[in-house]
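If you're wondering where the values come from, they're calculated on a predicted model, not measured in any experiment. Whatever order the structure lists them in is the order used to number ligands and atoms, beginning at 1. These values consider heavy atoms only, across backbone and side chains, with no hydrogens, waters or symmetry-generated copies.
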Amino acid sequence: MRDIEFHNREKEIKEIRAILDRRPTLITFIYGPINSGKTELINHVIEELPEEYVVFYINLRTKLLASYDDFIESLFEMEMETDGASRKRKETLAELVSSVTKVAGIPINKEFLDYVFKDNKPKNAFSYIIKLFEEVRARGKQPVLVLDELQKIGDVKVNGFLIYELFNFFIDLTKEKHLAHVFVATSDSLFLERVYNEAMLSGRCRYLLVDDFDGATTAAFLGGYGCTDDETALAWEYCGGKPVCLVELINQKLGGGVVKEKCEDIFKVRVSQLRDLLDLLGYVTPQVLLAGTEYLVERENVVEILKDFVDRDVVSFEGYRPEKHFMVKKNILFLDPKEGTVRPQSRLDLLAVREVIAGV
Ligand SMILES: Nc1ncnc2c1ncn2[C@@H]1O[C@H](COP(=O)(O)OP(=O)(O)OP(=O)(O)O)[C@@H](O)[C@H]1O
Ligand SMILES: [Mg+2]
């Protein structure tokens with residue numbers, strides 16, 4: 001079967017490249033609804049970067065992060081050099097740096113390992129990373145640090161929340177030292193809302209939205225794989241420009257299947273999930289934590305929120321806060337803190353909301 005290639009994202013790529021062209025000053029938060037293509041975009045930009053950039057990319061998605069040690073382990077990569085049949089460690093920072101270009105994780109050698117892990121002190125790890133980045137700069141190259149799914153360390157504590165230590169470190173790397181570019185991606189919009197309202201980050205970061213494709217981009221994507229105008233219209237009606245969903249439809253098409261059947265199938269699944277959630281709320285009353293206080297999630301308020309989407313695609317984040325928070329947590333709604341709005345995570349979710357609410 002044909003491989004599906006990376007599509008478009010010209011505007012976002014231009015924006016990221018423009019940031020990389022300048023001196024590092026702000027932390028860049030890459031956010032957007034789930035499955036909008038954030039990780040794919042980051043990986044694509046990294047692949048295309050010229051040699052002068054040395055990228056350290058860490059994806060925390062699949063990591064189990066219960067403690068500080070887990071986080072430190074996921075940050076660092078033990079660097080080993082294959083030397084003929086025997087394996088020899090790289091002993092100095094200079095040796096390490098000379099071999100890195102685009103790496104998953106921060107390379108570390110034996111010399112620094114004990115120091116970094118000593119005493120549960122994030123500062124040890126951070127000062128090592130600064131040394132490493134300075135070495136990269138001394139070789140005329142620009143370090144770039146990318147952390148995907150950062151919200152996974154949201155609850156990790158070392159004398160207080162690790163995330164604050166990390167934000168301070170990012171500010172140091174960018175605004176203070178202008179040493180490295182820092183990109184942070186997250187699909188958790190509640191985490192992003194916390195970041196957005198965090199006083200220590202105010203004026204120290206920028207926000208880059210990676211949204212689902214627009215209509216023209218979607219049509220070009222599908223057209224490239226032989227979808228007819230009717231199939232494209234149907235895909236747009238059901239999936240909007242959600243890349244992951246479009247990829248599924250393209251695979252259906254390439255496999256000789258009927259696009260319409262696939263659309264109806266995924267729609268049915270989403271409707272059923274949403275109906276099930278509303279039914280459950282008739283029996284249980286979940287709680288959510290807002291600014292340290294527990295609030296109840298009332299089914300009737302959830303219904304009121306969903307009713308708003310019958311004739312609108314986007315609503316304000318104000319009002320029924322616990323219920324909106326709950327629906328965001330359940331990945332049905334996407335919260336955009338920059339705009340102060342909520343909307344369904346996808347066109348499919350919007351349609352499912354309308355279908356379910358019509359029967360309530
Ligand atoms: N520009 C693109 N061109 C082609 N396919 C894409 C593109 N962007 C995303 N996709 C497809 O959509 C899938 C989901 O994208 P990706 O994992 O990057 O989304 P994400 O926004 O990082 O998701 P999450 O919210 O879970 O972090 C990819 O595996 C890929 O198949
Ligand atoms: Mg991702």
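Tested against Tyr31, the residues Asp336, Asp211, Thr186 include a single side chain to side chain donor-acceptor pair (under 3.5 Å) partner, Asp336. Partner of Leu147 under the side-chain contact (heavy atoms from CB on, under 4.5 Å) criterion, out of Leu75, Val182, Ile153, Asn59: Leu75 alone.
Close approach to Val244 involves these atoms of ligand 1, each under 4.0 Å from a residue heavy atom: 12 (O), 13 (C). Short contacts between ligand 1 and His7, defined as distances under 4.0 Å to a heavy atom of the residue, involve ligand atoms 1 (N), 2 (C), 3 (N), 4 (C). Those atoms of ligand 1 that come under 4.0 Å of a heavy atom in Ile34, given as number and element, are 25 (O). Below 4.0 Å from some heavy atom of Phe6 lie the following atoms of ligand 1, by number and element: 1 (N), 2 (C), 3 (N), 4 (C). Distances below 4.0 Å separate heavy atoms of Glu5 from the following atoms of ligand 1: 3 (N), 4 (C). Of all atoms in ligand 1, listed by their number and element, those nearer than 4.0 Å to a heavy atom of Phe213 are 1 (N), 2 (C).
Not a single heavy atom of Gly32 sits closer than 4.0 Å to an atom of ligand 1.
Aromatic ring centres of Phe213 and His7: separated by under 6.0 Å.
The proximity of Val247 to ligand 1, defined as any non-hydrogen pair under 4.0 Å, is limited to the side chain.
Within the structure, the ring pair (Phe, Tyr, Trp, His ring centres under 6.0 Å) test picks out the following pairs touching residues 229-251 (sequence neighbours left out): Tyr238-Phe267.
Residues passing the side-chain contact (heavy atoms from CB on, under 4.5 Å) test with Asn35 are Lys242, Val244, sequence neighbours excluded.
Taking atom 20 (P) of ligand 1 as the reference point, the nearest protein heavy-atom neighbour is Lys38 N, 3.4 Å. Closest protein heavy atom to atom 17 (O) of ligand 1: Thr39 CB, 4.1 Å.
In the model, Glu323 has a side-chain atom that pairs as donor or acceptor with a side-chain atom of Asn301 under 3.5 Å. With hydrogens and angles left out, the side-chain atoms of Asn8 and Thr217 include no donor and acceptor closer than 3.5 Å.
The neighbour count for Asp229 CG, taken as heavy atoms of other residues, nucleotides or ligands under 6.0 Å away, does not exceed 12.
Comparing heavy-atom distances from atom 15 (O) of ligand 1 across Pro33, Ser189, Pro243, Gly37 singles out Gly37 as nearest. Of the candidates Glu40, Glu149, Arg9, Glu40 brings a heavy atom nearest to atom 18 (O) of ligand 1. Relative to atom 26 (O) of ligand 1, the option among Glu12, His44, Arg61 with the closest non-hydrogen atom is Arg61.
For Asn35, every N, O or S atom stays at 2.8 Å or more from the Mg ion (ligand 2).
The aromatic rings of His181 and Phe183 sit tilted, their planes meeting at an angle between 30° and 60°.
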